[in-house]
Amino acid sequence: MDLLNELNDRQREAVIYDDGPLLIIAGAGSGKTRVLTYKIAHLLEQGFAPWRIMALTFTNKAAREMCDRINHLVANQSASRVWAGTFHSMFARLLRIEHKALGLSPDFTIYDQADSRALIRNIIKERGLDDKTYKPSLVANRISAAKNRLILPDAYKNSPQLVQHDHRDEVPAIGDIYQNYMERLRRSDALDFDDLLLFTYLLLANHEDIRLKYQERFEHILVDEYQDTNTAQFRIVRLLSPEGKGLSVVGDDAQSIYGFRGAEIDNILSFTETYPSTHTVKLERNYRSTQNIVSLANSVIEHNRRRIHKEVYSEEDQGAKVRLIATYSDKDEAYRIVREIRRLNRECQVPNTEIAILYRTNAQSRTFEEILQESHIPYRIYGGLSFYQRKEIKDLLAYLRLTNNQRDDESFARIINYPTRGIGQTTIQKLRAAAHDSGEPLFHIAADPIKYGVEVNTGTVGKLQAFVQAILRFREQTHSLSAYDLAVQIFDYTGMQADFNREGREEALVKSQNIREFLNSIRAYEQDRLEEAGEQWSSLNSFLSHVSLLTDMDEAQDNAPRVSLMTIHSAKGLEFQAVFVTGLEEDLFPAPQARFSEREKEEERRLFYVAITRAKQYCYISYARTRFRYGNLENSQPSCFIAELNPAYLETDTSEPVRRSKPAFSPARTPRFDTPTPPRPAPRFTPLRSLPTETDHMPAPSNIRVGCRIKHDRFGIGEIKQIVGVGSNQKIVVDFENAGTKHLLLKFARFEVL
């Protein structure tokens with residue numbers, strides 16, 4: 001089979017070039033994997049020995065796909081002898097061969113994440129450090145970051161920047177833990193995942209004979225997704241191929257979106273400086289998307305200054321224009337998208353499996369999940385958990401459920417020692433035994449453990465009773481606080497935010513965003529109940545019942561085709577017929593940090609480019625004019641990226657914003673997300689009420705009548721179908737274009753007559 005006839009001119013050029021370092025800039029949907037596999041197959045057909053070819057990928061899936069394709073292309077099955085796999089798997093293989101040079105046995109153990117964190121936890125305990133401050137995940141993340149930057153323990157402890165960072169976060173002993181950790185790994189004849197890169201670098205850098213051996217052995221080295229390489233990966237490739245002879249790297253600077261994981265975009269931007277004799281081939285034909293989608297994506301990325309210029313084009317149909325949708329609220333955004341999904345199903349024969357809703361943060365999934373469930377559209381969370389299944393949400397829900405019902409043993413067991421308050425498993429087992437014998441709930445046993453024969457010391461009794469008293473006081477507050485204000489008080493009391501902060505910057509940010517969105521969901525529920533049922537007081541019990549229905553539906557499993565929900569980071573490498581890119585608002589997308597760093601802003605713009613280029617036929621970009629933040633419905637500004645979109649490729653679907661009326665809620669109390677709040681034995685209560693009064697509602701317009709059209713703050717445009725009742729209990733029945741039929745209490749409904 002003549003492989004070259006199946007390639008376009010640029011692909012063919014990249015496959016046959018073999019005269020020095022090669023940089024293949026592969027635009028979105030341009031056949032990157034095809035070129036990589038065909039190049040290896042071509043080398044094999046040209047007679048190169050398979051064991052003299054190394055192909056490095058980032059995922060096992062990519063490695064398997066590459067090998068399968070090569071086997072299909074090459075008849076003699078020699079692909080199985082190519083050194084093809086992930087960076088870590090290939091270098092683990094090399095280290096086992098050269099183990100003696102590093103003082104390792106050939107059977108050294110490779111620790112996974114759980115093993116590494118268990119060892120770190122033991123070291124923290126042995127050194128007498130507080131594991132609530134020196135959280136194993138935080139320590140492990142800092143050690144991992146150091147290793148991927150090739151920083152050994154001595155260098156770490158002598159780095160003013162790293163030492164200052166640790167002192168600022170009140171973890172000054174991390175350098176010593178790192179050193180102790182490396183010593184313990186050595187004694188155990190073990191390497192962790194990051195060591196597979198670090199020790200390969202040390203092996204090649206410090207042992208010239210071994211370095212020359214592998215430089216000679218590997219005549220061709222191919223690297224996939226080169227834009228995602230970190231410092232260690234870059235330096236290892238440089239040691240294996242110092243002049244770049246036989247080195248081919250494939251990537252797209254426009255899709256470099258993993259800076260927060262240590263990826264260095266400069267590795268690809270500066271490749272021609274690292275290897276001055278580089279030959280560059282640009283794969284610019286997009287085989288995935290219509291021309292309108294490709295052109296719009298180009299108009300986005302061209303605003304980045306630090307980039308490799310290319311003109312991506314498509315020979316597919318011009319296609320539908322990308323649709324820009326301005327919505328009234330996050331809820332209206334979800335309703336509008338659901339309506340469009342139904343139209344795609346019905347009129348365009350696009351199945352749910354070919355539809356994706358993309359968002360910048362995990363927290364945004366909550367509103368989409370609720371509206372999809374309400375609309376009976378099956379969905380799945382790709383690469384993550386549904387909103388109400390995330391640990392931090394389940395933890396806070398457990399506090400709320402125990403406050404609502406002290407007989408809830410599962411909630412009690414989940415939170416009695418979270419965050420850590422010194423109540424161990426032995427104590428919990430004793431409580432369970434007493435509960436079993438007496439038939440009483442765990443909460444009652446904890447309130448008076450001595451009475452029920454639980455043998456615990458005085459200190460433990462005090463900790464149990466402090467927890468019980470806190471829950472009882474929260475229970476009392478259910479009569480004087482709204483569900484939202486009570487949830488804020490409980491969150492502040494627990495110290496969960498301080499616990500998040502110990503896990504590292506990225507983890508803390510994601511969990512804080514999720515908690516913030518959960519609190520917003522309570523506030524939104526309260527407003528809905530106010531407008532639809534006139535409930536000026538939404539009880540904790542009613543909200544928990546509402547959530548239980550959502551989680552029950554979420555857990556239901558069937559084989560129905562599902563819409564995919566995912567973060568944009570999770571979507572890289574995937575494609576769908578129809579893609580909704582949501583939440584294009586300032587401080588959401590781009591993220592807040594982009595305000596202060598052009599480098600961060602350019603990565604956010606690349607993320608936007610990746611999102612658009614996931615779409616094959618239909619692409620939608622949406623934003624909300626209002627969104628709940630810290631419990632208040634606030635105005636949102638459209639993302640700065642929207643102004644950068646070329647209008648020639650856009651179909652704009654906008655409406656005039658709703659005129660803001662007097663809010664039905666007074667400003668809500670803001671939970672303390674920015675500063676850690678340590679746990680304390682009992683909450684300090686401040687009777688803050690954010691409930692509406694009769695003077696808070698907006699006066700009903702005088703021109704209300706059946707048939708008139710209105711614009712609602714959150715539900716959008718609708719038509720009044722009925723007016724029911726009289727006086728303060730009068731309701732309007734409204735058929736909204738996207739949200740369906742709603743029954744709104746006139747005195748609290750927030751709308752404008754058109």
Side-chain angles (χ1 to χ4, degrees), residues 28 254-261 293 296-304 322-334 336-337 356-369 381-384 387 505-506 509-510 512-514 516-517 520 564-572 574 576 579-615 619-630 634-646 650 652-654:
Q255 297 185 70
S256 179
I257 59 174
Y258 295 118
F260 66 97
R261 292 182 187 168
I293 292 172
L296 188 79
N298 288 343
S299 75
V300 168
I301 204 63
E302 69 184 12
H303 287 83
N304 273 8
V322 176
R323 190 169 171 189
L324 177 63
I325 306 173
T327 67
Y328 296 101
S329 65
D330 52 343
K331 195 164 189 173
D332 185 43
E333 180 182 43
R336 296 276 285 275
I337 288 172
I357 299 174
L358 309 184
Y359 34 78
R360 178 63 182 84
T361 68
N362 276 296
Q364 289 168 259
S365 77
R366 195 267 307 172
T367 304
F368 294 115
E369 289 186 63
I381 305 292
Y382 183 91
F387 185 80
R505 179 175 175 270
E506 289 299 325
L509 177 62
V510 169
S512 296
Q513 288 171 337
N514 287 340
R516 192 175 295 139
E517 182 61 23
N520 286 338
S564 294
L565 274 64
M566 68 189 79
T567 64
I568 302 169
H569 283 100
S570 297
K572 187 172 180 290
L574 303 178
F576 301 88
V579 170
F580 295 87
V581 188
T582 65
L584 265 291
E585 299 147 38
E586 285 296 289
D587 291 334
L588 184 56
F589 195 9
Q593 62 266 27
R595 285 179 176 263
F596 312 104
S597 167
E598 188 61 29
R599 191 181 185 93
E600 294 274 6
K601 189 172 184 178
E602 290 202 347
E603 179 150 325
E604 291 287 303
R605 191 178 284 114
R606 292 194 294 271
L607 193 60
F608 189 28
Y609 175 86
V610 166
I612 295 170
T613 55
R614 298 311 92 198
C619 184
Y620 303 80
I621 297 169
S622 65
Y623 66 94
R625 292 193 176 99
T626 62
R627 192 175 290 271
F628 271 100
R629 301 176 193 274
Y630 300 105
E634 296 183 355
N635 288 328
S636 298
Q637 295 301 314
S639 168
C640 58
F641 294 156
I642 290 178
E644 298 174 356
L645 297 171
N646 188 327
L650 277 178
T652 305
D653 177 8
T654 60

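Quick caveat: nothing in here was measured; it's all calculated off a predicted structure.
Residue-environment remark: CD (E644) exceeds the threshold of 12 foreign heavy atoms within 6.0 Å.
Distance alone, capped at 3.5 Å, is enough to place a donor-acceptor pair between the N514 side chain and the A363 backbone. A side-chain donor-acceptor contact under 3.5 Å links T626 to the backbone of Y328. Proximity of a side-chain donor or acceptor of T327 to a complementary backbone N or O of Y623 within less than 3.5 Å is detected. Checked by atom type and distance alone, the side chain of T613 pairs as donor or acceptor with a backbone atom of V610 at under 3.5 Å.
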Start with the C-alpha distance between D332 and R625, add both sets of side-chain angles, then the distance that settles side-chain contact (heavy atoms from CB on, under 4.5 Å), and finish with yes or no. CA-CA 10 Å; D332 185 43; R625 292 193 176 99; over 6 Å; no

Stepwise side-chain contact (heavy atoms from CB on, under 4.5 Å) test for I381 and F387: CA-CA 9 Å; I381 305 292; F387 185 80; over 6 Å; no

Could you walk me through whether I621 and F641 pass the side-chain contact (heavy atoms from CB on, under 4.5 Å) check? CA-CA 11 Å; I621 297 169; F641 294 156; over 6 Å; no

Begin with the C-alpha distance, continue with both residues' side-chain angles, and end with the deciding distance and a verdict on side-chain contact (heavy atoms from CB on, under 4.5 Å) for L588 and S636. CA-CA 9 Å; L588 184 56; S636 298; over 6 Å; no

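Within the 4.5 Å cutoff, the side chain of P590 has no heavy atoms near those of the E600 side chain. Between I325 and Y620 there is a side-chain heavy-atom pair separated by less than 4.5 Å. Side-chain contact check for T361 versus F589: every heavy-atom pair is 4.5 Å or farther apart. V322 places a side-chain heavy atom less than 4.5 Å from the side chain of I293. Contact of the Q513 side chain with the N362 side chain is not registered, since no non-hydrogen atoms from C-beta on lie closer than 4.5 Å. Side-chain atoms of T367 and E517, non-hydrogen and from C-beta on, do get closer than 4.5 Å to each other. Within the 4.5 Å cutoff, the side chain of S639 has no heavy atoms near those of the E585 side chain. Between Y609 and N304 the shortest side-chain heavy-atom distance does not fall below 4.5 Å.
When all heavy atoms of A28 and R614 are compared, the pair lying nearest together is CB-NH2, 4.3 Å. Here the closest non-hydrogen pair linking L296 and N646 is CD1-O, 3.7 Å. What you find for E333 and S622 is that their closest heavy atoms are OE2-OG, 2.7 Å. What you find for V581 and C619 is that their closest heavy atoms are CG2-SG, 4.5 Å. Closest approach of A591 to R360, counting heavy atoms only: CB-NH2, 4.1 Å. Of all heavy-atom pairs between E604 and A594, the closest is CG-CB, 4.2 Å.
With sequence neighbours excluded, the residues satisfying salt bridge (charged side-chain N to carboxylate O under 4.0 Å, His left out) with K572 are E225, D228. Residues passing the ring-ring contact (aromatic ring centres under 6.0 Å, His included) test with F260 are H569, sequence neighbours excluded.
Between atom CD of residue Q255 and atom CG of residue L607 there is a gap of 10.5 Å, rounded to the nearest 0.5 Å. We find the CZ-OG1 distance between R323 and T652 to be 10.5 Å, quoted to the nearest 0.5 Å. The line from CD of E634 to CZ of F628 is 10.0 Å long, rounded to the nearest 0.5 Å. Between the CG atom of L358 and the CD1 atom of I568 there is a distance of 6.0 Å, given to the nearest 0.5 Å. For the atom pair CD of E602 and OG of S597, the computed distance is 9.0 Å after rounding to the nearest 0.5 Å. Here the CG-OG distance, from N635 to S329, works out to 12.0 Å after rounding to the nearest 0.5 Å.
Salt bridge status for R606 with E603: present, with a side-chain N to carboxylate O gap under 4.0 Å.
Just one of I257, I301, L645, I642 meets the side chain to side chain contact (heavy atoms under 4.5 Å, CB included) condition when paired with F608; it is L645.
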